[in-house]
There are 2 protein chains.
Amino acid sequence: MALAEAILVCLTDRPMSGYDLAKTFDASIGFFWRASHQQVYRELARLRERGLVESSEMEQRGKPNRIVHTITKEGYNAVKLWSSKPCRQPSIKDELLVKLYALDTVDTPALTEQLGVRLDQHKEKLQAYYKINERFYEGKNLSKAQKGKLIALTMGISNEQEMIASLEKAIIMLGDINE
Amino acid sequence: MALAEAILVCLTDRPMSGYDLAKTFDASIGFFWRASHQQVYRELARLRERGLVESSEMEQRGKPNRIVHTITKEGYNAVKLWSSKPCRQPSIKDELLVKLYALDTVDTPALTEQLGVRLDQHKEKLQAYYKINERFYEGKNLSKAQKGKLIALTMGISNEQEMIASLEKAIIMLGDINE
DNA sequence: GGCAACATGTAACTTGTTACATGATTCC
DNA sequence: GGAATCATGTAACAAGTTACATGTTGCC
C-alpha cells in the first residue's frame, strides 16, 4: 500500500500527470521506490476514488491532453498518518547474491560478467547522484523539504560507494577461486 | 521466477522439506531473497509439476510426517541455465527513504524514531553475520560452494556496516534540522 | 520515412501478503 | 493450562510485470 503514499509524496511537490509521475518513478523518488507507468495509472484511479487526489484535464496545443492530479487535504492527512506508523523492512531480492550462494552449481564466467555489469550500473548511479547533488544541493540554502531529500541522497551516495567497493572485492575473490 | 531458482539452489545443499526451506528463507539465503512459507509451498508444487524436484513422504515418530524434496537432474540444468542469463536489478522499496524525501509533510519525531529502529535492525543483522562468519568460515579450509557463500556474506557485512554509519549520520542531520 | 518523446490506458498473468485451518509434542 | 516448535497447506486479495493498444508532434 505504500505505492499510494509514494505517489502522494510526489504530489506534495507539485501537481503532476500520470506521465510525469511515471518519469519521477524512473528517476528521483525511483531511487527509493520503483514503479511502472501501469502501476502508477492504476493507483491514481484508486487514489481518486478514495478522494486523496483530484484530477483535471488540461488542454494542450500540439500534444495530447494531460490529466493533472493534485493532492487533497485528505491526501496530506493520509501521508501524515502513514509517516507516523512504523516502516516495514525493505524487501530484499538480489539474484546476484543468490548466484554467488550457489557458486558450485553456477556458470562462473557468466557470473563474473554479471558482477561486472552490476558494478557499472552502480558507478553510473553514483555519477547521477553526484550530478543531482551539485545541481540542487551543494552550497545552497535549503528548505526543510530539500534537507530531507539531501539526507536521502547522501544515504544513496554512500550506499553506491560501498556497493562499488564490495563488488570490486567480490570480482577479485571470484577470480582467485578460479586460478 | 527467481523464487523457483532460489529454492533449487537451497536444495543443491541437501534435500529439504517445505518447512526447512521456509526456515532457510528466514535466515541464510533469506538475507538475499526473502519468501514466506506460503510462497515456498506454492512454488514447490509447481517445481514438482515441472519435474525439477522430486518429493517423498518420510514418516516420523512423535512429529508430523515430512515431505522431503530433492532436486533432479533437470533441476540442476535449470539452475545452470538461469545462472548464465543476466540478472535483473534488485528491486528497491524503502519506505524510510520515501519518508525522508517528504520531510516537510511528515511526522518528524516519529520518523526519527523509525530511523533508530532501523539502525538497531542493521546492528543485529551485522552481529548475526559476524557469528556466521566465525562459526563457518573464519580460519577454515573452504570448498568452492563455501567460498561463494563467503563472498556473499562479506558483501552483506560491508553493506550492513555502511548502513549503520549512514543511518547514524542521518539521525544527526535530522536532529540538526529540528534545532 | 523512422524514431523518440508525449500521453493515457486495458488485460492477462505472476508474485507476494494476510488470514485461515489443522493437529501433535514438548517445555514451562 | 498455555505457548512454542514441528509440519502442511488453502483462499482471497494486493502488488508487480509483460504485453497490448492508440495517436500526435518534432527532429534527423
Side-chain angles (χ1 to χ4, degrees), chain A residues 1-8 15-27 29-30 32-50 53 55-69 82 86-95 98, chain B residues 1-7 15-27 29-30 32-50 53 55-69 82 85-95 98:
Chain A
M1 184 92 322
L3 172 59
E5 284 83 7
I7 290 175
L8 291 173
M16 283 196 236
S17 68
Y19 186 80
D20 293 335
L21 281 163
K23 273 195 305 177
T24 307
F25 276 96
D26 237 48
I29 208 175
F32 321 126
W33 198 280
R34 229 176 279 145
S36 63
H37 82 270
Q38 293 91 334
Q39 267 182 286
V40 169
Y41 282 113
R42 181 167 56 184
E43 197 61 47
L44 276 171
R46 283 183 210 156
L47 288 168
R48 203 161 39 220
E49 271 175 47
R50 293 165 61 198
V53 304
S55 315
S56 59
E57 197 163 349
M58 309 283 245
E59 276 178 55
Q60 295 193 126
R61 274 182 280 174
K63 287 179 190 173
N65 290 349
R66 323 169 71 216
I67 298 168
V68 175
H69 309 275
W82 162 75
C87 291
R88 49 177 67 189
Q89 283 186 263
S91 75
I92 307 170
K93 304 229 152 203
D94 196 334
E95 286 189 43
V98 175
Chain B
M1 186 104 307
L3 173 58
E5 284 84 6
I7 289 176
M16 283 197 235
S17 68
Y19 187 80
D20 293 334
L21 280 163
K23 274 196 302 177
T24 306
F25 276 96
D26 238 48
I29 208 176
F32 321 125
W33 199 279
R34 229 176 278 144
S36 63
H37 83 271
Q38 293 91 335
Q39 267 182 285
V40 169
Y41 282 113
R42 183 169 54 185
E43 198 60 49
L44 276 171
R46 283 184 209 156
L47 287 169
R48 203 161 40 220
E49 271 176 45
R50 293 165 61 199
V53 304
S55 315
S56 61
E57 197 161 349
M58 309 282 246
E59 275 178 56
Q60 295 193 127
R61 274 182 280 175
K63 287 180 188 174
N65 290 350
R66 323 168 71 217
I67 297 167
V68 175
H69 309 276
W82 161 76
K85 284 191 284 192
C87 291
R88 48 174 70 188
Q89 282 187 263
S91 77
I92 306 171
K93 307 235 147 193
D94 195 334
E95 286 189 42
V98 175

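Lettering of chains follows the sequences in order, A, B, ..., and the numbering in each one begins at 1.
Shown here are the side chain to side chain donor-acceptor pair (under 3.5 Å) partners of B:E57, two or more places apart in sequence or in another chain: B:N65. For the side chain to side chain donor-acceptor pair (under 3.5 Å) test, no residue two or more places apart in sequence or in another chain qualifies with A:T24. For A:R88, there are no side chain to side chain donor-acceptor pair (under 3.5 Å) partners two or more places apart in sequence or in a different chain. Every side chain to side chain contact (heavy atoms under 4.5 Å, CB included) that B:S36 has, sequence neighbours left out, goes to B:Q38, B:Q39. Applying the side chain to side chain contact (heavy atoms under 4.5 Å, CB included) test to B:P86 and every residue at least two apart in sequence or in another chain returns nothing. Residues forming a side chain to side chain contact (heavy atoms under 4.5 Å, CB included) with B:A4 (at least two apart in sequence, or on another chain): B:E43, B:L47, B:R50. For A:R34, there are no salt bridge (Lys or Arg N to Asp or Glu O under 4.0 Å) partners two or more places apart in sequence or in a different chain. Checked against side chain to side chain donor-acceptor pair (under 3.5 Å), A:S91 has no partners two or more places apart in sequence or in another chain. For B:D26, there are no side chain to side chain contact (heavy atoms under 4.5 Å, CB included) partners, not counting sequence neighbours.
Taking 4.0 angstrom as the limit, A:Q39 places none of its side-chain polar atoms (N or O) nearer than this to OP1 or OP2 of D:dA15. A sub-4.0 Å separation between OP1 or OP2 of C:dC6 and a side-chain N or O of A:Y19 is present. Regarding contacts with the backbone of D:dA15, every side-chain N or O of A:R34 stays at 4.0 angstrom or more from both OP1 and OP2.
Along DNA chain D, the nucleotide nearest B:K93 and the nucleotide nearest B:R66 are compared for position; the residue whose nucleotide lies closer to the 5' end is B:R66. Nearest-nucleotide positions on DNA chain D place B:H69 closer to the 5' end than the other of A:A2 and B:H69.
Counting heavy atoms from C-beta on, the side chains of A:I7 and A:F25 come closer than 4.5 Å.
Whole-Å rounding puts the A:M1 CE to C:dG16 C1' distance at 14 Å. Rounded to whole Å, atom C1' of C:dG16 lies 13 Å from atom CD1 of B:I7. If you measure from atom CG of A:L3 to atom C1' of C:dT17, you get 16 Å, rounded to the nearest angstrom. Taking atom CD1 of residue B:I92 and atom P of nucleotide D:dG16, one finds them 13 Å apart after rounding to whole Å. In this structure, the CD atom of A:E49 is 12 Å from the P atom of D:dA14, given to the nearest Å. At whole-Å resolution of the value, CG in B:N65 and C1' in D:dT8 are 11 Å apart. In this structure, CD of B:Q89 is placed 17 Å from P of D:dG16, rounded to the nearest angstrom. Atom CD in A:E5 sits about 13 Å away from atom C1' in D:dA14, given to the nearest Å.
Within the model, atoms CE of A:M16 and NZ of A:K23 stand 10.0 Å from one another, a figure rounded to the nearest 0.5 Å.
Near DNA chain C, meaning a heavy atom under 4.0 Å from it, residues 40-48 of chain A has A:Y41 in order of number.
End-to-end axis angle of the helix from C:dG1-D:dC28 to C:dC28-D:dG1, using five pairs per end and rounding to 10°, comes to 40°.
Taking only side-chain atoms of B:I67, from C-beta outward, the nucleotide of C:dG9, D:dG9, D:dT17 with the closest atom is D:dG9.
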Contacts under 3.5 Å, N or O only, protein and nucleotides 20-27 of chain D:
from	atom 1	to	atom 2	distance (Å)
D:dT25	O4'	A:G62	O	3.2

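Here A:S17 lies in heavy-atom contact (under 4.0 Å) with sugar-phosphate atoms only.
Summarising the geometry of B:D94 relative to A:W33, their closest heavy-atom pair is N-CE3, 3.5 Å, with the distance given to 0.1 Å.
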